Peer 1: 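Right, I'll just put the structure down here and ask away after.
Just so you know, these numbers come straight off a predicted model, no measurement behind them. Counting from 1, the numbers follow the sequence of the chain as shown.
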Amino acid sequence: MPISIRKSVPNGKDIFVWTKDIDEKSLQQLINVASLPFIFKHVAAMPDVHAGDGATIGSVIATQGAVIPAAVGVDIGCGMLAAKTNLSGKDMEPCLLQPLMDEILKRIPVGLRQHDPDKIHWDAVEKLRPGFEEMNERVPGILSTMKRTTWEAGIGTLGAGNHFLEISKDTENNVWIMLHSGSRGPGLHIAVNFFTKAKKLAEQTNFVLPDPELAWLTEGTKDFDDYLFATHWAQQYAHINREEMLNAVLESLKVIWPTASIINPIINCHHNYVRKENHFGEDVWVTRKGAVSASSEEFGIIPGSMGTRSFITKGKGELNSFKSSSHGAGRRLSRTEAKRTFGVEDLEKQTAGVLCRKDVKVIDEIPAAYKDIDVVMQNQSDLVEPVAVLKQILCVKG
């Protein structure tokens with residue numbers, strides 16, 4: 001059961017929270033969401049909960065007859081991929097890690113970079129092209145505002161911010177590939193397009209929103225149908241983007257260890273997305289904003305930070321969380337606060353033993369900016385069961 005249950009506003013829904021570590025801004029955002037007229041049953045907040053734009057990161061929002069685009073967020077389909085390899089930690093000699101990182105960076109653009117024209121992943125493009133063409137018919141020019149990048153050249157790229165790629169070892173000394181990325185530029189432009197439409201529609205109603213970011217689209221309208229189609233395309237894009245990077249990392253490993261291979265299953269899961277699910281006997285739209293699906297026996301990935309442990313999990317299908325779990329440790333400090341509080345020396349200490357960037361531009365991703373992943377896991381012991389514990393030895397940050 002959740003650690004705490006808080007009543008929202010009069011006539012609003014309850015809020016189930018899986019932690020006592022929740023700030024007032026996050027709680028107010030949860031109250032705002034719980035007050036909306038189409039919320040189903042209650043709002044669930046995972047133990048990594050922290051404030052976001054409009055809707056709280058680490059929340060699960062089930063709705064009937066409407067979807068909130070800003071609750072899905074700008075990085076539609078953002079999520080994790082993890083795959084165990086046939087390599088042993090004994091193979092990972094320290095002198096080989098920098099050459100491995102160099103090989104990875106040859107194949108995977110990071111930050112705002114995209115693939116050069118001769119490096120575009122055309123097989124992946126063709127998988128996505130039919131959906132793109134239909135989306136463009138529904139909403140002409142939906143991605144035309146993309147100036148610096150193209151949707152084709154963004155496939156197989158990592159991105160910036162908290163996106164990362166890691167080579168890790170588990171407690172049995174198996175080597176894993178783990179990465180975090182989403183739908184890149186296309187997801188952002190789709191989101192902004194529909195944020196604008198939802199806000200304009202909200203201005204035409206008499207309902208007073210507690211936060212303009214919570215403007216919604218009503219089921220049965222063209223805008224709703226177009227948004228769901230575009231969002232599901234972006235979620236497919238994100239899924240394929242992670243697969244393409246996995247293939248690139250495997251190619252990089254094979255340069256140094258020619259017999260390297262992947263041991264199935266590959267876990268590839270979103271944690272910013274919306275889809276229709278059945279809960280408490282009813283079909284509802286479930287938006288997970290920084291949360292992972294955790295149905296019974298379903299594999300999930302819950303990372304810590306660039307210097308702490310991560311977990312491969314199996315879900316327990318807890319009904320009150322809408323069969324969900326946290327998507328990570330969750331931020332304890334904002335990026336601005338982290339930069340103000342810590343320096344490069346702190347970053348070096350907290351990432352000791354990890355080959356990664358240790359410069360001023362990644363201080364906002366310092367491990368101490370995040371909540372304690374072990375406490376987060378303790379708080380959701382009724383939601384998931386750990387099946388593997390990973391610790392990175394190499395980390396590529398966006």
Peer 1: Between E219 and K276, does any NZ, NE, NH1 or NH2 come within less than 4.0 Å of an OD or OE carboxylate oxygen?
Peer 2: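 Yes, charged N to carboxylate O under 4.0 Å.
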Peer 1: If I compare all heavy atoms of K339 with all of I363, which pair ends up nearest, and what's the gap?
Peer 2: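 Smallest interatomic distance, heavy atoms only, reads CA-CG2, 4.0 Å.
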Peer 1: With a cut-off of under 6.0 Å to the ring centre and 45° to the axis, is K41 in cation-pi contact with F280?
Peer 2: yes
Peer 1: Between K254 and E251, is there a side-chain N and carboxylate O pair less than 4.0 Å apart?
Peer 2: no
Peer 1: List in chain and number order the residues that pass ring pair (Phe, Tyr, Trp, His ring centres under 6.0 Å) with H180, two or more places apart in sequence or in another chain; answer none if no residue qualifies.
Peer 2: H163, F164, H271
Peer 1: Clusters formed by hydrophobic residues whose side-chain heavy atoms approach within less than 4.5 Å: which one holds V375, and what are its other members?
Peer 2: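 Via sub-4.5 Å side-chain contacts, V375 links to none.
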Peer 1: Looking at every heavy atom in both G54 and D211, which two are closest together, and how far apart are they?
Peer 2: CA-OD2, 3.7 Å
Peer 1: Tell me, with the steps shown, if I68 and L36 meet side-chain contact (heavy atoms from CB on, under 4.5 Å).
Peer 2: CA-CA 10 Å; I68 309 165; L36 298 175; 3.5 Å; yes
Peer 1: Would the number of heavy atoms belonging to other residues, nucleotides or ligands and lying under 6.0 Å from CG of N174 be above 12?
Peer 2: yes
Peer 1: Has the side chain of K316 got a donor or acceptor atom that lies under 3.5 Å from a matching backbone atom of S381?
Peer 2: yes
Peer 1: Determine whether L390 and E166 satisfy the following criterion, side-chain contact (heavy atoms from CB on, under 4.5 Å), listing intermediate values before the conclusion.
Peer 2: CA-CA 10 Å; L390 313 184; E166 293 182 345; over 6 Å; no
Peer 1: Would you say the side-chain atoms of D116 pair up with the backbone N or O of D118, donor to acceptor, closer than 3.5 Å?
Peer 2: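 No; judged by distance alone, with no hydrogens or angles, the pair does not exist.
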Peer 1: Please say whether more than 12 non-hydrogen atoms of neighbouring residues, nucleotides or ligands are located less than 6.0 Å from CD in E345.
Peer 2: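 No, CD of E345 has 12 or fewer neighbouring heavy atoms, counting only those of other groups under 6.0 Å.
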Peer 1: Report yes or no: does K13 contribute a side-chain atom to a donor-acceptor pair with the main-chain N or O of V33 at less than 3.5 Å?
Peer 2: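 Side chain of K13 to backbone of V33: no pair is present.
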Peer 1: Looking at E203 and K200, does any basic side-chain N land under 4.0 Å from a carboxylate oxygen?
Peer 2: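 No.
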Peer 1: Do S324 and R288 get their side chains close enough for a donor-acceptor pair, meaning under 3.5 Å?
Peer 2: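 Yes, because at least one side-chain N or O of S324 sits under 3.5 Å from a partner of the opposite role on R288.
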Peer 1: Ignoring hydrogens and angles, tell me if any N or O in the side chain of N86 forms a donor-acceptor pair with the backbone of S261 under 3.5 Å.
Peer 2: yes
Peer 1: N247 and E243: side-chain donor and acceptor closer than 3.5 Å?
Peer 2: no
Peer 1: Holding to ring pair (Phe, Tyr, Trp, His ring centres under 6.0 Å), I want the full list of residues that pass it with F342, two or more places apart in sequence or in another chain.
Peer 2: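 Applying ring pair (Phe, Tyr, Trp, His ring centres under 6.0 Å) to F342 gives none.
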Peer 1: May I ask you to check whether W233 and F229 place their ring centers less than 6.0 Å from one another?
Peer 2: no
Peer 1: Restricting to ring pair (Phe, Tyr, Trp, His ring centres under 6.0 Å), what partner residues turn up for F132, sequence neighbours left out?
Peer 2: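 Only W151 meet the ring pair (Phe, Tyr, Trp, His ring centres under 6.0 Å) criterion with F132.
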Peer 1: Once you round to the nearest 0.5 Å, how far does CG of D372 lie from CG of D374?
Peer 2: 5.0 Å
Peer 1: Looking only at side-chain N and O atoms, does T308 offer a donor or acceptor that is under 3.5 Å from a partner on S305?
Peer 2: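 Indeed, the side chains of S305 and T308 share at least one donor-acceptor pair under 3.5 Å.
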Peer 1: Does I76 form a side-chain contact (heavy atoms from CB on, under 4.5 Å) with Y237? I'd like the steps, not just the answer.
Peer 2: CA-CA 9 Å; I76 301 168; Y237 186 107; over 6 Å; no
Peer 1: Applying the side-chain contact (heavy atoms from CB on, under 4.5 Å) test to I256, which of D91, L87, L96, L97 qualifies?
Peer 2: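 For I256, the side-chain contact (heavy atoms from CB on, under 4.5 Å) check succeeds only for L96.
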Peer 1: Less than 4.5 Å apart, any side-chain heavy atom of L27 and any of E24?
Peer 2: yes
Peer 1: For the residue pair D23 and H50, confirm or rule out a side-chain donor-acceptor distance under 3.5 Å.
Peer 2: no
Peer 1: Cation over ring, R331 on Y370, under 6.0 Å and within 45°?
Peer 2: yes
Peer 1: Can you spot which of F224, F38, Y273 makes a ring pair (Phe, Tyr, Trp, His ring centres under 6.0 Å) with W285?
Peer 2: F224
Peer 1: For the atom pair CE (M245) and CG (L165), what is the distance rounded to the nearest 0.5 Å?
Peer 2: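 That separation rounds to 7.0 Å.
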Peer 1: What pairs with H121 under ring pair (Phe, Tyr, Trp, His ring centres under 6.0 Å), at least two apart in sequence or on another chain?
Peer 2: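 H121: ring pair (Phe, Tyr, Trp, His ring centres under 6.0 Å) contacts with H115.
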Peer 1: Taking only residues two or more places apart in sequence or in another chain, which ones pass side-chain contact (heavy atoms from CB on, under 4.5 Å) with T336?
Peer 2: S334, R340
